Amino acid sequence: MSQRIKVAAALKNGPIGALVDVRGWVRTRRESKQGFAFVELNDGSCMANLQIVVDQSVPGYQQFIKQLTTGSSIGVIGELKASPAKGQAVEVHARELTVFGTADAEKYPLQKKGHSFEFLREIAHLRPRTNTFGAMARVRNALCVAIHEFFQSRGFVYVHTPIVTTSDCEGAGQMFQVTTLDLARLAQKQAELDYTQDFFGKRASLTVSGQLEAETFACAVGDCYTFGPTFRAENSNTTRHLSEFWMVEPEMPFYDLNDNMRLAEDFIRSIIKYVLDHCADDMKFFAERIDKTVLETAENIVNHDFARVSYTEAIEILETCGQKFEFPVQWGTDLQSEHERYLAEQKFKRPVILYDYPRAIKSFYMRCNEDGKTVRAMDVLVPRAGEIIGGSQREERLDVLIERMQECGLNPDDYWWYLDLRRYGTVPHAGFGLGLERVLLLLTGMTNIRDVIPYPRTPKHAEF
RNA sequence: UCCCCGAUAGCUCAAUCGGUAGAGCGAGCGGCUGUUAACCGCUAGGUUCUAGGUUCGAGUCCUAGUCGGGGAGCCA
């Protein structure tokens, strides 16, 4: 009787001498005219391939051996043995081999060679079969597990905030509209859109943040977090932006900004450590093939405190550092990419938390400081990926919040339910948003955010 | 959306001053080998992104467009 096992299991502590059943896709075949062949089998369970030794005595050898091209799928039943040659500890000596599906070597796009990421993006349905994207899938998975473990172990409640929203006013950028109206027909008629006839009876969009809804749960069940897809219809064409990305948003009652910063720091450190501990082979691959510094960077984050400076202090540092910037440094304006990069990559060489930003450049819901000029906002900046966290202590005072809404040109009536949190049992609270893909940039050393998500959505791109 | 760069074989790229289109890898075939990004030989493979223009002659120069990459802004 054969035992079906994954390649990862076979390589790790496979039962030497046992008859195993392994299935997957052929990476390469090295054929000998002497009547045997070596086949590298990969099933995605780990980075490494399992070497299959196929002798011509295996039934059907002459028929199947030429079909074992890169990309073909096979099942092998054979004995797991210690390998006599260098390069692998174990190998499988085939007794039976089944070809599930062939892959025409002249047409199959993935070759036995390196491909550019630009090319692989055009065949995103096949790129998970490559080393880089297989590793990415496993690291991304581990990171998501780490996120849940972190919060669950601290008693946070996982809350599903809505994807579709009718609060047209979340304020965090352009939104994708959701409609069942027949736009093509309405365009011909050139009629005014009547949203009362639309599916939800009013204008609806995809969420740009689950924060406001998360706050309602934080003010009920306590510490909680949302983790899901987020949509921004900005016309951003950069290596750091996606139209559809995944965001983690914890929200905690009775937290002030310092508690928030401490949690953010523990959180990042913890999830990175988890990936280092659980994806050693994949991380080693990124270190060897993508960016030599990734392990160093990750360990540096795990082992050192983040720098913390107020916005005002950061401005002083930038003004006096002697570095020449393309854009001027000035109190009251947002920091430019080059400024943030200087702070994280040159000045501190580790993650930096900036806090207490000018109120004029931040959102209405951030708590106003007593100085009247700043709000209790924070951004976590890291080398390479830039801003991976944005958060704040929330304004819990009803009158101040209403005033701020008006200052920001928003109509408080639209936020009646959000304001109710301040009307009934208001509490100080805080939270932040973490961009999952930006953590992956930081972790893996990949430089384009389109290569850390399975199917990237960016302006003009929603293939597959 | 703005700025810069690019598009040549399946992939990655080369082609001098404007003068008959090349390599490596991949693929096929053969050789060799307990091989392992194997190695050696041979073969096939091209509307040089599209449409105009300049020229005796355009991969190369000009104009427009399409697509791609990088940077900026917006942010996570």
Side-chain angles (χ1 to χ4, degrees), chain A residues 27-41 48-55 66 69-71 81 83-88 91 93 103-123 130-131 171-174 208-211 227 229-249 264 268 288-289 326-327 333-341 361-363 379-382 385-391 432-442 447-453 458-461:
Chain A
R27 281 294 177 80
T28 72
R29 177 198 70 207
R30 293 179 294 276
E31 194 189 343
S32 167
K33 285 295 176 295
Q34 308 300 307
F36 64 99
F38 296 99
V39 175
E40 296 284 337
L41 187 74
N49 302 323
L50 178 62
Q51 176 163 284
I52 313 292
V53 183
V54 193
D55 188 81
K66 286 293 175 198
T69 57
T70 302
K81 289 184 170 179
S83 178
K86 281 182 185 168
Q88 61 283 315
E91 60 192 22
H93 289 239
D104 186 340
E106 301 228 19
K107 291 180 186 156
Y108 186 61
L110 291 175
Q111 304 173 347
K112 232 164 60 176
K113 56 166 287 200
H115 291 290
S116 68
F117 293 133
E118 289 84 358
F119 173 68
L120 291 173
R121 248 170 256 151
E122 293 170 7
I123 49 167
T130 64
N131 287 334
Q174 294 280 54
V208 292
S209 166
Q211 180 198 318
F227 184 13
T230 306
F231 307 87
R232 304 265 167 100
E234 303 286 351
N235 190 12
S236 295
N237 291 288
T238 80
T239 52
R240 283 164 284 119
H241 291 85
L242 291 165
S243 307
E244 177 185 291
F245 63 100
W246 285 65
M247 188 154 66
V248 184
E249 295 174 284
I268 291 176
E288 283 170 1
R289 296 300 188 89
E326 190 186 342
F327 294 93
T333 62
D334 233 335
L335 296 180
Q336 302 286 318
S337 279
E338 56 174 346
H339 304 146
E340 296 183 347
R341 230 179 297 120
I361 59 172
K362 288 292 182 183
S363 302
D379 283 354
V380 179
L381 311 178
V382 296
E387 183 184 340
I388 60 169
I389 279 183
F432 61 82
L434 169 111
L436 184 75
E437 285 77 17
R438 290 193 177 169
V439 178
L440 286 167
L441 289 177
L442 174 69
T447 54
N448 195 318
I449 203 163
R450 294 164 198 142
D451 298 326
V452 303
I453 189 168
T458 55
K460 301 277 190 293
H461 295 280

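Bear in mind that the values here come from a model prediction, so they are computed numbers and not experimental data.
Rounded to whole Å, atom P of B:G68 lies 9 Å from atom CG of A:N237. Rounded to a whole Å, the CD atom of A:E106 is 14 Å from the P atom of B:C11.
Separating the P atom of B:A15 from that of B:G22 is a span of 14 Å, rounded to the nearest Å. Here, B:A38 and B:C2 have their P atoms 47 Å apart, quoted to the whole Å. Between B:U63 and B:G69, the two P atoms lie 24 Å apart (nearest whole Å). Here, B:C42 and B:A37 have their P atoms 24 Å apart, quoted to the whole Å.
Ring-plane geometry between A:H115 and A:F119 is classed as tilted, the angle between the planes lying from 30 to 60 degrees on a 0 to 90 degree scale.
A:E40 places a side-chain heavy atom less than 4.5 Å from the side chain of A:Q51. When side chains are defined from C-beta on, A:V53 counts as touching A:F38, because their heavy atoms get closer than 4.5 Å.
Contact annotation: A:S236 side-chain N/O to B:U1 OP1/OP2 distance is not under 4.0 Å. The phosphate of B:C67 (OP1 or OP2) has no side-chain N or O of A:R121 nearer than 4.0 angstrom. Considering only side-chain N and O atoms, A:R240 lies nowhere under 4.0 angstrom from the phosphate OP1 or OP2 of B:G73. Between A:H115 and B:G26 there is no side-chain polar atom (N or O) within less than 4.0 angstrom of OP1 or OP2. The shortest distance between the side-chain N/O atoms of A:R450 and the OP1/OP2 oxygens of B:G70 is below 4.0 Å. The side chain of A:S337 contributes an N or O atom lying less than 4.0 Å from OP1 or OP2 of B:G73.
Nucleic acid contact class of A:D379 (heavy atoms, under 4.0 Å, all strands): none. At a threshold of 4.0 angstrom between heavy atoms, the contacts of A:A85 include nucleobase atoms, whether or not backbone atoms are also involved. Looking at heavy-atom distances under 4.0 Å, A:F119 makes contact with sugar-phosphate atoms alone, never a base. Heavy atoms of A:T70 sit nowhere under 4.0 angstrom from any nucleic acid atom. Residue-level contact check: A:Q336 touches the backbone only, with heavy atoms under 4.0 Å from sugar-phosphate atoms and none from bases.
Below the 3.5 angstrom threshold, one finds a donor paired with an acceptor across the side chain of A:E91 and the base of B:G34. Contact annotation: side chain of A:E31 to base of B:U35, donor-acceptor pair absent below 3.5 Å. Contact of A:Q111 with B:G10 (side chain to base): a donor-acceptor pair of N or O atoms is detected under 3.5 Å. A donor and an acceptor atom sit less than 3.5 Å apart, one in the side chain of A:R438 and one in the base of B:C75.
Judged by closest nucleotide on RNA chain B, A:Q51 is the one of A:Q51 and A:T447 placed further toward the 5' end.
Across all strands shown, B:U54 has no partner, as no Watson-Crick or G-U wobble contact with both distances under 3.5 Å is found.
Residue-nucleotide stacking is present for A:F245 and B:A76, judged by a side-chain ring centre under 5.5 Å from the six-membered base ring centre and planes under 30° apart.
Salt-bridge check for A:E31 with A:R29: passed, with a basic side-chain N closer than 4.0 Å to an acidic carboxylate O.
With no hydrogens or angles considered, a side-chain donor-acceptor pair links A:H241 and A:T238 at under 3.5 Å.
Comparing atom distances between the A:N235 side chain and each of B:G71, B:U1, B:G68 picks out B:U1 as nearest.
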